[in-house]
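Order of the sequence lines fixes the chain letters, A, B, ..., with proteins taken first and strands second; residue numbering starts at 1 for each chain.
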Amino acid sequence: MSIAVIRFPGTNNEHDVIRALRQVPGAEPFLVPSRLGARAVLDADGVILPGGFSYGDYLRAGAIAAVEEVMDGVKELAEGGRPILGICNGFQVLTEVGLLPGVLLPNKTSRFICKWVHLRVCDENTLFTEGLAGLTIRIPIAHAEGCYHCSDDELTLLEQEDRIIFRYSDEHGVVTPEVNPNGSLDNIAGIVNRRGNVLGMMPHPERAARPALSSADGMTILENFVRGARAP
Amino acid sequence: MTGEHSDLIREGKVKRVLSDPASPDTIIIEFTDAVTAGDGAKRAEMLGKGKLACETSLLLLRYLQQRGIATHLVEKLDGPRLRCRRVEILPVEVVCRNIAAGSVCRRYGIEQGTVFKRPVVEFFLKDDALGDPLVTPEVAVQMGLATEDELAFIRSVTLSVNYYVRELMRQVKLTLVDFKLEFGRTPEGELLVADEISGDTMRVWDETSTSLDKDLFRKSTGDLVSAYVELLERLVSADTKAVGPRTERIVVEVMPKRGVKNPPGEVTMKALRRLGMKGVQDVRVGKLFVISLDRPVSPALMRELEAMNLKLLSNPVAETHHVRL
């Protein structure tokens, strides 16, 4: 499965993502500098938008990357049902480009937060969460703008349609305001689009990819992603 | 004149506004040979004056359109007539002055001929009974004549018109002293430069500071028709393409929506208090975009800006935006 990993100017997690993907049998990740444009991604079976600080987070995190031409190709693939995963800054790009609803605002603490968190995975089985439904996983976050915000109507929709895939929780999977690191509505850490093929998440699955990193929980998400790229 | 039926919509002092048999969206403006001054107190007929005012308006409105300024002009018809968009004329007229002359001298005791450091824009209420008094933007907004944003738009367009006409005239050794503009609102709510731009609506001096405008008639100091011929001939000989573009500066303000937490504002507020500033209740941090363009403000530009605001400059989920001209 050819997986396009897009690097915008300022993206800095692309090699971590590629390294983690190489552990997945059948995955053939390739780096796409964004300047190559939409054509460079159209043959891919799936796309990952890695974390970092595209365009220095100028304007708003993800805003400039969202209007790059390469994103036209990502939109086309998303419409074709291909799996798209946006991690951290990639999640911010996906909301800015309109593939996911809402926006990621500055953390309520006004600080950059870098730490391990627990995530409660939704009970429904989705493309990205097969084998994880209802479990609590451990994955790190590292961001300054991760406070998920959307309209009340949008939040109701997300809840009704079981599209909130990950919520910040304690180690037992209990979702409380106390364990919400950044002020996100409803402890949201990751959501999918209506069709279920576009996932945006603030935590970094590629940094929880080996037991040596103290957790390999992120690998399941990446494996599911690659499997999704096989059979759209 | 053709045999088609046109109804008189409005009989002005020097022009007639007729319905356009071709379309309900346009009107026909017919220039007459009448000349008036002092709000109609002084009046005369001068053969050929209507045609000259029509030709001058056509030339200038067309030129302004080429430079990106939206006007009501559609096309020239035979005779001293222009086909124009049907608009609702705003009850506020705008005067732009480069050099003090006329009412501004009487009003403020400024010596005639004083050059203003920057062009002055004034608004006047169109009300014959009140003698068309000066109106401040604040009062105009309170009276519901136009919104604050509309007045800013009108002011910006007026300054562009001033620049483009003044520079064109400079080429042919004419000085644009001042001029009056009217604006009209389309059914879609867009504002267009309307009415005429001719020797009747501006003051123009030649290299000897002799008027080539209606002041000749107001003060009975010369032959108006030959001055209008001179004005038109010089304008025709000017090279419209040689006038460079005016740089327009537009400010877009983006602020977090009310109710959306603004951590940058919160930490700034704490720092202000720590530095001893008293009474600080709230600080909200937003963004300011200063955009320089080489084309004038127009309804089309405002639509484009709105699209760019929603698409890029602001995130409508969490932010509001406002264009300041």
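For CZ of B/Arg249, the number of neighbouring non-hydrogen atoms (other residues, nucleotides, ligands) closer than 6.0 Å is 12 at most. Remark: B/Arg155 CZ is loosely packed, at most 12 non-hydrogen atoms of other residues, nucleotides or ligands lying under 6.0 Å away. Within 6.0 Å of atom CD in B/Glu148, 12 or fewer heavy atoms from other residues, nucleotides or ligands are found, so the atom counts as exposed in its surroundings.
Highest contact tally toward chain A, considering only B/Val254, B/Val267, B/Leu313, is held by B/Leu313 [criterion: heavy-atom pairs under 4.5 Å].
Nearest approach of A/Val103 to B/Ala318, heavy atoms of both residues: CG1-CB, 3.9 Å. Here the closest non-hydrogen pair linking B/Pro263 and A/Pro106 is CG-O, 3.8 Å.
Only the side chain of A/Leu105 comes within contact range of chain B, with at least one heavy atom under 4.5 Å from a heavy atom of that chain.
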N/O donor-acceptor pairs between chain B and chain A, cut-off 3.5 Å:
residue: B/Lys287; atom: NZ; partner: A/Leu59; partner atom: O; Å: 3.0
residue: B/Leu312; atom: O; partner: A/Arg60; partner atom: NH1; Å: 2.9
residue: B/Leu312; atom: O; partner: A/Arg60; partner atom: NH2; Å: 2.7
residue: B/Leu313; atom: O; partner: A/Arg60; partner atom: NH1; Å: 3.0
residue: B/Asn315; atom: ND2; partner: A/Glu96; partner atom: OE2; Å: 3.1

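Partners of B/Arg62 under the side chain to side chain donor-acceptor pair (under 3.5 Å) rule, at least two apart in sequence or in another chain, do not exist in this structure.
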